[in-house]
Every structure is written in C-alpha cells, then in structure tokens.
Amino acid sequence: MKRTALAVGLALLLAGLAGTAQAAPMGFKDSWMTMGDLSPNWQEVLVNYALTPRDAIGASALKMRSDDETLTRDVAEVTYTHLVKRWNLPEAQANIWFIGGVGSVTGNDFAGAKTLAAPGIQVDYETTRVYASLYGRLYRAEGLNHDFAAARLGFSFYEVDYDETQPWFIVEVRRMKGLSDKTEVTPMLRLIHNRYFVELGVNNAQQARANFMYIF
C-alpha cells in the first residue's frame, strides 16, 4: 500500500512539473541528479542525491578560465542543497534554495591547493510558460574571490502533454569576479522532457555553450 501511494505521489509530482522549466537544483526524494554546464571558460559537472524532498548531497568539479586564457582555476567540492522555502501557487511555483560547497581550488598562478568555501542561493519562479531565476555563489579561498552571479528569463513556445518534449527560449546573463571583467549574455534553446533537459546556445563572445540535466 505504501509503495502504491509513493508511486502515485511521484506520478503526481512529475505531472505537476511537466511543462515547466524544471529549474530545481535537485530531484525528488531518493533520486540522483547529474548536471553539466560546458563552455570554453566554464566547465562544470555535478551529481547529487536527494536524501529528502528538501535536502541533497553531492559533488562537483569545476574548471574556470579567464577571458584572456592566461589564468585557470580547478575546483573540487562536496555540495549540499536545501530547499529553504516553496510556494505552490494556483498556476505557478516559486522557490528559495541554499546551494553550498566546501572543497579545494588549484590554479596556474599559485602553488598547491587552497581550501575553498562556496555558499550560494537561488530564487526561481516558473509557470508552464514563463521562467525567471536569480542565482549567486561566493567562491572564496585565501587570496581568491571569484564570486558569481547569474539571472535567467525565459518562456516556452507552447504547452505540451506530460510525455512530450517542450522547447523553451532562455536568456542568461552572468558575471564572475577575478577572471573576467565582462558580462556574459547567452540566449539558449532548451528542450525539456520528464527527467532531462538540454540547452544549446552561443554567448556574446561567440562561444558555444551546452548544458544538460538528467534525473534517475
């Protein structure tokens, strides 16, 4: 009986998410999520496991490069994601997430590894047709400050049924301290299905970018 109730609950949850941008940084309880963000100056891959509907632990590897390609940073961290607050509105959902990490950073302009702390927050709002989010993380180590901020705004071209792929148009604006003095703007096409999405775009520096997410 409990398994049946759990399956029904999961189906209802996925049905409720169908057609939205699915911006959550973690999956449903007992699921694994893997995500990637790949471009010439930013290459990040992470995986996390949802311990509860609100908490997930994981690990990530991040490689950052300066605009002039002279400086690099390699970050390895253990992450913790927590749903701080959720609003389930009649035709929308809004969330506040804490996303934090602790690990090490190496670089090509200093010797050895430094301990890194990276607390962050994400605020998002989405309906089946509109999506908006704000995201910020502090990447701090001794003598290093690579704080990062991003904003996203997008819309879906049309609504779809639960088992269909939905196309979205997303524009992201992001900026990072220490390695870049430019604001990166990337328009992307997002294709999203029940448990995955892919995003493809080209930023204002004419660099290709590809993102993905998969829940299993």
Side-chain angles (χ1 to χ4, degrees), residues 21 23-26 33-48 56-82 84 95-124 131-154 170-188 190 197-213:
M26 57 175 282
M33 170 185 278
T34 180
M35 299 182 70
D37 185 345
L38 307 172
S39 68
N41 291 345
W42 184 282
Q43 298 166 24
E44 181 176 22
V45 177
L46 66 88
V47 61
N48 65 33
I57 57 172
S60 77
L62 168 63
K63 185 178 185 66
M64 297 180 279
R65 187 182 71 177
S66 61
D67 288 337
D68 61 6
E69 304 181 14
T70 61
L71 297 177
T72 61
R73 301 284 183 261
D74 289 281
V75 174
E77 60 177 339
V78 176
T79 64
Y80 171 64
T81 302
H82 176 65
V84 178
N95 305 286
I96 298 176
W97 302 89
F98 169 81
I99 304 167
V102 177
S104 66
V105 56
T106 59
N108 64 346
D109 59 337
F110 61 88
K114 298 183 178 184
T115 300
L116 175 116
I121 189 169
Q122 174 177 309
V123 180
D124 56 60
Y131 166 65
S133 73
L134 296 173
Y135 177 83
R137 285 191 76 181
L138 307 180
Y139 287 94
R140 301 288 181 94
E142 182 181 0
L144 297 178
N145 178 345
H146 296 312
D147 294 350
F148 175 90
R152 283 183 162 218
L153 185 62
I170 304 283
V171 176
E172 184 188 83
V173 178
R174 66 183 186 181
R175 193 174 177 89
M176 178 178 59
K177 284 186 175 180
L179 297 176
S180 175
D181 59 357
K182 300 177 181 177
T183 299
E184 180 181 311
V185 181
T186 309
M188 291 177 281
R190 168 181 280 195
F197 73 69
V198 293
E199 294 177 335
L200 299 173
V202 177
N203 65 19
N204 55 335
Q206 304 303 309
Q207 296 173 329
R209 185 171 169 194
N211 302 331
F212 68 88
M213 181 277 292

Heavy atoms of Pro25 and Asn48 approach each other most closely as O-ND2, 2.9 Å

Checking Asn145 side chain against Asp147 main chain: does a donor-acceptor pair fall under 3.5 Å? yes

Between Asp124 and Arg152, is the closest basic N to carboxylate O distance under 4.0 Å? no

Report the C-alpha distance between Phe212 and Phe197 in whole Å, list the side-chain angles of each, state the deciding distance to 0.1 Å, and finish with yes or no for side chain to side chain contact (heavy atoms under 4.5 Å, CB included). CA-CA 6 Å; Phe212 68 88; Phe197 73 69; 5.7 Å; no

Checking Asn108 side chain against Thr70 main chain: does a donor-acceptor pair fall under 3.5 Å? yes

Shortest non-hydrogen pair, Pro119 vs Phe98, comes out as CB-CE1, 4.2 Å

Could you verify whether a donor N or O on one side chain and an acceptor N or O on the other, from Ser133 and Tyr131, lie under 3.5 Å apart? yes

Regarding Ser39 and Asn41, do their side chains bring together a donor and an acceptor under 3.5 Å, going by distance alone? no

In sequence, state the C-alpha distance, the side-chain angles, and the governing distance for Val75 and Leu116, and then conclude on side chain to side chain contact (heavy atoms under 4.5 Å, CB included). CA-CA 8 Å; Val75 174; Leu116 175 116; 3.7 Å; yes

Quick check against the 3.5 Å criterion: does Asn204 have a side-chain atom that pairs as donor or acceptor with the backbone of Val185? yes

Asp67: partners by salt bridge (Lys or Arg N to Asp or Glu O under 4.0 Å), with sequence neighbours left out: none

Taking side-chain contact (heavy atoms from CB on, under 4.5 Å) as the test, write out the residues that go with Phe110, two or more places apart. Arg73, Lys114, Leu144

Which residues pass the side-chain hydrogen bond (donor to acceptor under 3.5 Å, both in side chains) test with Ser104, sequence neighbours left out? none

So which pairs with a foot in residues 38-47 pass salt bridge (Lys or Arg N to Asp or Glu O under 4.0 Å), sequence neighbours left out? none

Set of salt bridge (Lys or Arg N to Asp or Glu O under 4.0 Å) partners for Arg65, sequence neighbours left out: Glu69

Which heavy atom in Ala118 sits nearest to a heavy atom in Glu77, and how many Å separate them? CB-OE1, 3.8 Å

Looking at Glu172 and Arg190, is there a salt bridge between them, counting it only when a charged N and a carboxylate O are closer than 4.0 Å? no

Contacts of Asp37 that satisfy side-chain hydrogen bond (donor to acceptor under 3.5 Å, both in side chains) - sequence neighbours left out: Arg174, Arg209

